[in-house]
Amino acid sequence: MKFSILTASFKQLPWLKRAIRSVADQKGVEVEHLIQDGNSGFDLEHWVRWETDARLCVLPDRGMYEALNRALARVTGDLFAILNCDEQYLPGTLERVHREFETHPETDLVVGDSLLVDEHCNLLAFRRSTPLRPSMILTDHLYDFTCALFFRSSLLKRGIRFDPEYRAAGDADWMARLLRSGLRIRYVRQYFSTFTILDDNQSLRAEPTEELRRLRAITPAWARCAAPVLRRFRHLEKFLAGGYSSGPIDYAIYPSPDALERQQFRCEKPGYRHPWAR
């Protein structure tokens, strides 16, 4: 099976370099990395085209979700996934995901765990995945990170795409619609990826709040009323998944734009709380 990894980019070359390298060094799998860029300029185009094997397409767009829709149209692999510029795959991720799909051919979606790091590669929090449910996503947030979600490409035949009117919460809307169409999911207890907390992505916090209000407005009344109960139930599932305690965590990522090799890091006492949580 072949992977298609989709990355929407716009003027994030220092982070894109790390994301691309984290895909390129995955062992034992066939992979195409599709970069959909919103016209960042010469430096990005030159580096991707001449220094990497990634496939670059440059077109102005209205935002990340329009770019991802264009990347979805370019998929040629049997499996696809989304990796943003500020994210990296951990070593062995794609090989493990491939094995899960191969061993369980009925599976539509494989979900793993994630690590949140700061711009200096320090571990801020570990995130254990919990069962994805549309009602929980639409009344709260998409609690499993997209960088740890891997889909069978046959799902694209359902025609479910991102709504480009969203700027920050489009992944929650898209995931809820996919789930409602029926997905067979496998949850894997392995850290698949890192998500970097940056000023740029933190600055989008106000917009998701407004967009989540829009999502909740189209959510069934029973789910809105049950939101506090659903949230407590998800916290219970997170507890049962080991989401509130962990021993030391080792991880290896690219620490800088010019790094050609991963650097090993270790956190002796990992936290679980998202830095944006109130």
Next item on the list: Any chance you could measure Leu90, atom CG, to Tyr251, atom OH, to the nearest 0.5 Å?
Entry: 10.0 Å
Next item on the list: Would you please test Glu100 and Arg186 for salt bridge (Lys or Arg N to Asp or Glu O under 4.0 Å) and show each step?
Entry: CA-CA 8 Å; Glu100 291 295 325; Arg186 285 193 62 78; 3.0 Å; yes
Notebook entry, point to check: Could you state the interatomic distance from CE (Met175) to CD1 (Ile160), rounded to the nearest 0.5 Å?
Noted result: 9.5 Å
Notebook entry, point to check: Does one hydrophobic cluster hold both Phe10 and Tyr65, with members joined at side-chain heavy-atom distances below 4.5 Å?
Noted result: no
Margin query: A side-chain contact here means heavy atoms from C-beta on lying under 4.5 Å apart; do Leu59 and Gln36 qualify?
Written below: yes
Note to self: One thing to verify: whether Glu237 and Arg133 come together as a salt bridge, which I'm taking to mean a side-chain N less than 4.0 angstrom from a carboxylate O.
What the structure shows: yes
Next item on the list: Please check if the side chain of Ser246 supplies one atom and the backbone of Gly242 the other of a donor-acceptor pair under 3.5 Å.
Entry: no
Check: Taking it one step at a time, do Glu45 and Ser40 satisfy side-chain hydrogen bond (donor to acceptor under 3.5 Å, both in side chains)?
Finding: CA-CA 8 Å; Glu45 289 190 44; Ser40 297; over 6 Å; no
Next item on the list: For the pair Arg74 (side chain) and Arg55 (backbone), establish whether a donor and an acceptor sit closer than 3.5 Å, ignoring hydrogens and angles.
Entry: yes
Item checked: Check: Tyr254 main-chain N/O paired with Gln263 side-chain donor or acceptor under 3.5 Å -> no
Check: If you group Ile, Leu, Val, Met, Phe, Trp and Tyr by side-chain heavy-atom gaps below 4.5 Å, do Val111 and Leu178 land in one group?
Finding: yes
Margin query: For Arg62, is there an ion pair with Glu165 - N to carboxylate O distance below 4.0 angstrom?
Written below: yes
Item checked: Non-hydrogen side-chain atoms of Pro255 and Phe265 separated by less than 4.5 Å -> yes
Check: How are the rings of Phe3 and His98 set to each other: parallel, tilted or perpendicular (split at 30° and 60°)?
Finding: tilted
Note to self: How close do Arg49 and Val58 get, counting heavy atoms only, and between which atoms?
What the structure shows: NH2-CG2, 4.1 Å
Notebook entry, point to check: Hey, does Val29 have a side-chain heavy atom less than 4.5 Å from the side chain of Val97?
Noted result: no
Item checked: Value rounded to 0.5 Å, distance of CD1 in Ile82 from CZ in Phe145 -> 14.5 Å
Margin query: Rounded at 0.5 Å granularity, tell me how far CD in Glu119 sits from CG in Leu124.
Written below: 10.0 Å
Check: With hydrophobic residues grouped by side-chain heavy-atom distances under 4.5 Å, do Phe101 and Leu149 end up in a single group?
Finding: no
Check: By side-chain contact (heavy atoms from CB on, under 4.5 Å), which residues pair with Asp53, not counting sequence neighbours?
Finding: none
Note to self: Using side-chain hydrogen bond (donor to acceptor under 3.5 Å, both in side chains), reason through Ser22 and Arg262 one step at a time and then give a plain yes or no.
What the structure shows: CA-CA 8 Å; Ser22 80; Arg262 293 178 184 265; 4.8 Å; no
Item checked: Backbone of Glu87 reached by a side-chain donor or acceptor of Thr196 within 3.5 Å -> no
Next item on the list: Could you tell me whether Arg177 sits above the aromatic face of Phe162, with NZ or CZ closer than 6.0 angstrom to the six-membered ring centre and within 45 degrees of the axis?
Entry: no
Note to self: Using the rule given for side-chain contact (heavy atoms from CB on, under 4.5 Å), can you reason through Thr130 versus Tyr187, listing the C-alpha separation, both sets of side-chain angles and the distance that settles it, and then say yes or no?
What the structure shows: CA-CA 8 Å; Thr130 54; Tyr187 295 89; over 6 Å; no
Note to self: Go through it in stages, so that I can follow the logic: the residues are Glu211 and Arg213, the test is salt bridge (Lys or Arg N to Asp or Glu O under 4.0 Å), and I'd like the CA-CA distance, side-chain angles, deciding distance and then a yes or no.
What the structure shows: CA-CA 5 Å; Glu211 293 186 356; Arg213 289 197 187 103; over 6 Å; no
Check: So which heavy atom on Ala223 is nearest to which on Ser135, and how close?
Finding: CB-CB, 4.0 Å
Checklist line | Polar side-chain atom of Thr52 near backbone of Ala54 as donor-acceptor pair, under 3.5 Å | finding: yes
Check: Does the side chain of Arg96 come within less than 4.5 Å of Val188's, by heavy atoms?
Finding: yes
Checklist line | Beyond-backbone contact of Ile253 with Gln88, side-chain heavy atoms, under 4.5 angstrom | finding: yes
Item checked: Euclidean distance, Thr139 OG1 relative to Arg234 CZ, rounded to 0.5 Å -> 9.0 Å
Next item on the list: Go through the steps to decide whether Trp50 and Phe42 satisfy the test ring-ring contact (aromatic ring centres under 6.0 Å, His included), and finish with yes or no.
Entry: CA-CA 12 Å; Trp50 292 98; Phe42 173 80; over 10 Å; no
Notebook entry, point to check: Would you call the rings of Tyr191 and Phe126 parallel, tilted or perpendicular if under 30° counts as parallel and over 60° as perpendicular?
Noted result: perpendicular
Margin query: Does this structure show an ion pair linking Glu95 with Lys27, if we count only N-O contacts that are shorter than 4.0 Å?
Written below: no
Item checked: Main-chain N/O of Ala24 paired with Tyr89 side-chain donor or acceptor, under 3.5 Å -> no
Note to self: Determine whether Arg128 and Asp113 satisfy the following criterion, salt bridge (Lys or Arg N to Asp or Glu O under 4.0 Å), listing intermediate values before the conclusion.
What the structure shows: CA-CA 5 Å; Arg128 294 291 194 183; Asp113 301 331; 2.7 Å; yes
Note to self: Whether the side chain of Arg18 engages the backbone of Pro14 through a donor-acceptor N/O pair (distance < 3.5 Å, no angle test) should be reported.
What the structure shows: yes
Margin query: Counting neighbours of CD on Glu261 that are heavy atoms of other residues, nucleotides or ligands and sit closer than 6.0 Å, is the number greater than 12?
Written below: no
Check: Which heavy-atom pair separates Lys17 from Pro257 by the least distance, and what is that distance?
Finding: CD-O, 3.5 Å
Item checked: Steps toward side-chain contact (heavy atoms from CB on, under 4.5 Å) verdict (Asn122, Val117) -> CA-CA 5 Å; Asn122 300 309; Val117 300; over 6 Å; no
Next item on the list: Evaluate the side-chain contact (heavy atoms from CB on, under 4.5 Å) criterion for residues Arg21 and Leu260: first the C-alpha distance (whole Å), next the side-chain angles of each, then the deciding distance (0.1 Å), finally the verdict.
Entry: CA-CA 8 Å; Arg21 288 178 177 133; Leu260 299 180; 3.6 Å; yes
Check: Taking the side chain as C-beta and beyond, is there a heavy-atom pair between Leu34 and Ile5 under 4.5 Å?
Finding: no
Margin query: Evaluate Tyr272 against Tyr244 for ring-ring contact (aromatic ring centres under 6.0 Å, His included), listing each step before the verdict.
Written below: CA-CA 6 Å; Tyr272 66 85; Tyr244 293 110; 4.8 Å; yes
Check: Quick one: OG on Ser129 to CD on Gln190, what's the gap to the nearest 0.5 Å?
Finding: 11.5 Å
Next item on the list: Give a yes or no answer on whether the side chain of Arg127 reaches the backbone of Arg273 with a donor-acceptor pair at less than 3.5 Å.
Entry: no
Margin query: A side-chain contact here means heavy atoms from C-beta on lying under 4.5 Å apart; do Arg266 and Ile249 qualify?
Written below: no
Checklist line | CA sep, side-chain torsions, deciding dist, call: Val110, Phe192, side-chain contact (heavy atoms from CB on, under 4.5 Å) | finding: CA-CA 11 Å; Val110 168; Phe192 282 166; 4.1 Å; yes
Item checked: Flag, side chain of Thr7 to backbone of Leu83, donor-acceptor distance under 3.5 Å -> yes
Item checked: Test item: Tyr166 and Asp171 side chains (from C-beta on) under 4.5 Å apart, heavy atoms -> no
Next item on the list: Can you tell me which residue pairs pass the side chain to side chain donor-acceptor pair (under 3.5 Å) test with a partner in residues 142-163, sequence neighbours excluded?
Entry: Arg158-Ser181
Next item on the list: Please report the C-alpha distance between Phe80 and Phe150 in whole Å, then the side-chain angles of each, then the deciding distance to 0.1 Å, and finally whether the ring-ring contact (aromatic ring centres under 6.0 Å, His included) criterion is met.
Entry: CA-CA 6 Å; Phe80 76 91; Phe150 295 84; 9.7 Å; no
Note to self: With a 3.5 Å distance limit and no angle check, can you tell me whether Asp37 reaches the backbone of Asn39 through a side-chain donor-acceptor pair?
What the structure shows: yes
